[in-house]
*Asks:* 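Just passing along the structure, written as structure tokens.
Every number for a ligand or one of its atoms is a count from 1 in the order of the listing.
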Amino acid sequence: MGQDKIMEVRMIENGTVIDHIPPAALFKIISIMGLDRDTEHRMTIGTNLESKRLGTKAIIKINDRHPSPWEIDRIALFAPEARVNTIRNFEVVEKRTVEVPRSIEGFVKCANPQCVTNHETVETAFDVVAENDGNIALKCRYCEKLTKNFGTKFNPY
Ligand SMILES: [Zn+2]
């Protein structure tokens with residue numbers, strides 16, 4: 001114990017610690033939250049850290065910044081095991097798990113090149129479905145095709 005805890009608590013006075021992020025999802029979450037363009041908030045990002053549950057994990061600690069519900073929904077798509085901890089006065093005052101949303105609008109492109117959303121200015125809309133292998137896929141409401149591995153195609157802006 002110790003080390004991780006000490007760092008977590010010492011670095012953040014008020015803010016958020018997002019823990020249990022799969023390392024492969026780290027940069028997506030950075031992008032979702034716009035942290036790559038954030039010149040205001042002090043933050044610490046660690047990756048490929050040891051995790052009993054995930055093998056390896058990444059962690060994001062940000063001062064004076066709390067993810068919005070919109071951001072949490074999208075974080076959950078890429079890191080369904082993530083924990084979002086709220087820190088006040090160096091104390092964890094709230095620990096919560098994220099919940100994978102049931103649907104998602106915009107944000108991800110439909111994998112079907114024929115889909116109307118890829119030809120007209122129609123915002124994409126998907127139902128989130130669980131595959132047999134436990135992975136998440138997105139079912140398009142327009143063409144019903146499944147978009148898988150959407151993490152590689154996502155377009156957050
Ligand atoms: Zn579609």
*Asks:* Give, for atom CD of Glu123 and atom OG1 of Thr117, the distance between the pair rounded to the nearest 0.5 Å.
*Replies:* 10.0 Å
*Asks:* Atom CG of Asn112 and atom CG of Leu146: how far apart are they, to the nearest 0.5 Å?
*Replies:* 11.0 Å
*Asks:* Output, by chain and residue number, all protein N/O/S atoms separated from the Zn ion (ligand 1) by less than 2.8 Å.
*Replies:* Cys110 SG, Cys115 SG, Cys140 SG, Cys143 SG
*Asks:* With Lys57, which of Thr47, Asp19, Asn48 fulfils side-chain hydrogen bond (donor to acceptor under 3.5 Å, both in side chains)?
*Replies:* Asp19
*Asks:* If you group Ile, Leu, Val, Met, Phe, Trp and Tyr by side-chain heavy-atom gaps below 4.5 Å, do Trp70 and Ile136 land in one group?
*Replies:* yes
*Asks:* Here's one to test your reading of the geometry: is the NZ or CZ of Arg74 within 45 degrees of the ring axis of Phe107 and under 6.0 Å from its centre?
*Replies:* yes
*Asks:* Are Arg102 and Asp127 within salt-bridge range, i.e. N to O under 4.0 Å?
*Replies:* no
